[in-house]
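Numbers restart at 1 for each chain; the letters A, B, ... are given by sequence-line order, proteins then strands.
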Protein chains: 2
Amino acid sequence: MRILIVEDDANLNRQLAEVLKEAGYVVDQAYDGEEGHYLGDAEPYDAVILDIGLPAMDGITVLEKWRGDGKTMPVLILTARDRWSDKVAGIDAGADDYVAKPFHVEEVLARIRALIRRAAGHASSEIVCGPVRLDTKGSKATVDGVALKLTSHEFRLLSYLMHHMGQVVSRTELVEHMYDQDFDRDSNTIEVFIGRLRKKIGNDLIETVRGLGYRMQAPGNGN
Amino acid sequence: MRILIVEDDANLNRQLAEVLKEAGYVVDQAYDGEEGHYLGDAEPYDAVILDIGLPAMDGITVLEKWRGDGKTMPVLILTARDRWSDKVAGIDAGADDYVAKPFHVEEVLARIRALIRRAAGHASSEIVCGPVRLDTKGSKATVDGVALKLTSHEFRLLSYLMHHMGQVVSRTELVEHMYDQDFDRDSNTIEVFIGRLRKKIGNDLIETVRGLGYRMQAPGNGN
DNA sequence: AAAGACGAATGCGCATTCTGATTGTCGAGG
DNA sequence: CCTCGACAATCAGAATGCGCATTCGTCTTT
């Protein structure tokens, strides 16, 4: 984990760096707004500690520029001023957390840990099978990057198959998972929907295992 | 957006609720730990304001129980100024932010905005979707730079959709986040407001996913 | 009093789903 | 290699129910 400290008070900067390094982080240091802004843009940090009152460029401005450039790393703001309007400005500019001077260095450490932990939990849930991508969070699917237009049942079917990739899924199993009530087992709806799905995502992806059911798998891949 | 306030000081509770409602949030109020814990478990809030010192059940305990039950909504903790060890305890229990008493209500408002924004994965206070810009700070929206004249419910609807861009949002979800407690679920209000919104921002932006709900997305872009 | 916002009710149009019949395919046994 | 039976795929029409526009009455705001 790599952290950037932007703080003009050399003493405080050094002190923070020490504690963070001790905690196992890699630390870069900047002593004014311009230097800090440049580093934050150029290097991939896992978190930034940013003072508000800085020479060369104000902390809020630095933050706004980063956010404007699409930088999303967590930023912890430091300020000596006890003015609540500064806090509000910092938060609205896209700060993730805030500590008022004077503070305990241990508190900063705890907050950095929390920020990094929180940022890590941002993994998008996506299942990929060959050219097909299933975005379970957004209820979307794409083939070769092109959005698929699926109906609700088609999506449920695809979703179940992709969640059980490589396995043979019986028709009974599919019926039981796609319909909550008891449903006419003698119907061939599943086959109909398999057909429609194949038409939309390509025939090679859903293999039919005669007498057993269906299996989804990336093509050109024996087992 | 729907917010829960857990605070035993009736005066402060009311004050917070007022400001939040004015800002367009739906607010539920609890006055002790047990009531708060129950509500937070039962209803889907977008954020919670939680006091540490509470009758019936301590704030930290409430938070720990929620996290233990898999609740992940952002929680803003209120704490006495000098007890910084409480802050660290709160953070470790899974709090997302804290404010020390006494505070300015505007600061709480700004922090709540930030928490909700961040939970949706947006760094800055502005969310953009094609020609539509949502200014969460000023509770305003524009299309192609032109200010929209939205009613309070229309704005809440647009806001929720934009905070969940790319995701399919069900009618139930929308009702639960736009209205408090009991509301006639068999009504078609959401559809009506979707219609009114589309009339103002254009039809292409809100896609309807039959049988599932609605999805907001920049047009001409499958992803 | 007037205007606007909100939400309930109605009916229509159409995408989606289901059904049943038909056609197509696989594989074992003669 | 051919045939036959079982299973799978396809198709079209029918039925279903979802979403939308619209209207209207109530409530709030000014």
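Taken to the nearest 0.5 Å, the CZ atom of B:R156 stands 11.5 Å off from the CZ atom of B:R2.
Dashed line: the shortest gap from a side-chain N or O of A:Y214 to OP1 or OP2 of D:dC7 is not under 4.0 Å. An OP1 or OP2 oxygen of C:dT17 is reached within less than 4.0 angstrom by a side-chain nitrogen or oxygen of A:T151. Between D:dC20 and B:K199, no contact under 4.0 Å exists linking OP1 or OP2 to a side-chain N or O. An OP1 or OP2 oxygen of C:dT17 is reached within less than 4.0 angstrom by no side-chain nitrogen or oxygen of A:T189.
At whole-Å resolution of the value, CD1 in B:I194 and C1' in C:dG7 are 15 Å apart. In this structure, CG of B:L197 is placed 14 Å from C1' of C:dA5, rounded to the nearest angstrom. Rounded to a whole Å, the CD atom of A:E154 is 11 Å from the P atom of C:dC18. One atom, CZ of B:R215, and another, P of D:dG19, lie 14 Å apart when rounded to the nearest Å. Taking atom CZ on B:F193 and atom C1' on C:dA8, their separation rounds to 12 Å, with Å as the unit. In this structure, the CG atom of A:L157 is 15 Å from the P atom of C:dT16, given to the nearest Å. In this structure, B:H153 atom NE2 and C:dG4 atom C1' are separated by 13 Å, rounded to whole Å. Taking atom CZ of B:F155 as the reference point, atom P of C:dG4 lies 22 Å away to the nearest angstrom.
Proximity note for A:R198 (side chain, C-beta onward) versus D:dA9, C:dC18, C:dA5: the nearest is D:dA9. Closest to the side chain of B:N188, from the set D:dT10, C:dT10, C:dC18, is C:dT10. The side chain of A:S187 lies closest to C:dT19 when the candidates are C:dC18, C:dT19, C:dG7. The side chain of B:E191 lies closest to D:dC20 when the candidates are D:dC20, D:dC18, C:dG20.
Note on ring orientation: taking the six-membered ring where Trp is involved, the planes of A:F193 and A:H153 are tilted (angle from 30° to 60°).
In this structure, A:T208 reaches the sugar-phosphate backbone alone: every heavy-atom distance under 4.0 Å involves primed, P, OP1 or OP2 atoms, never a base.
Where B:V192 and B:L150 each meet DNA chain C at their nearest nucleotide, the meeting point lying more 5' is that of B:L150.
Other residues, nucleotides and ligands contribute more than 12 heavy atoms inside 6.0 Å of the NZ atom of B:K200.
Taking only distance into account, the side chain of B:R196 meets the base of C:dG7 through a donor-acceptor pair shorter than 3.5 Å.
When only modelled atom types and interatomic distance are considered, B:Y214 and B:R171 share a side-chain donor-acceptor pair under 3.5 Å.
You'll find the side chain of A:T208 reaches within 4.5 Å of the side chain of A:R198, heavy atoms only.
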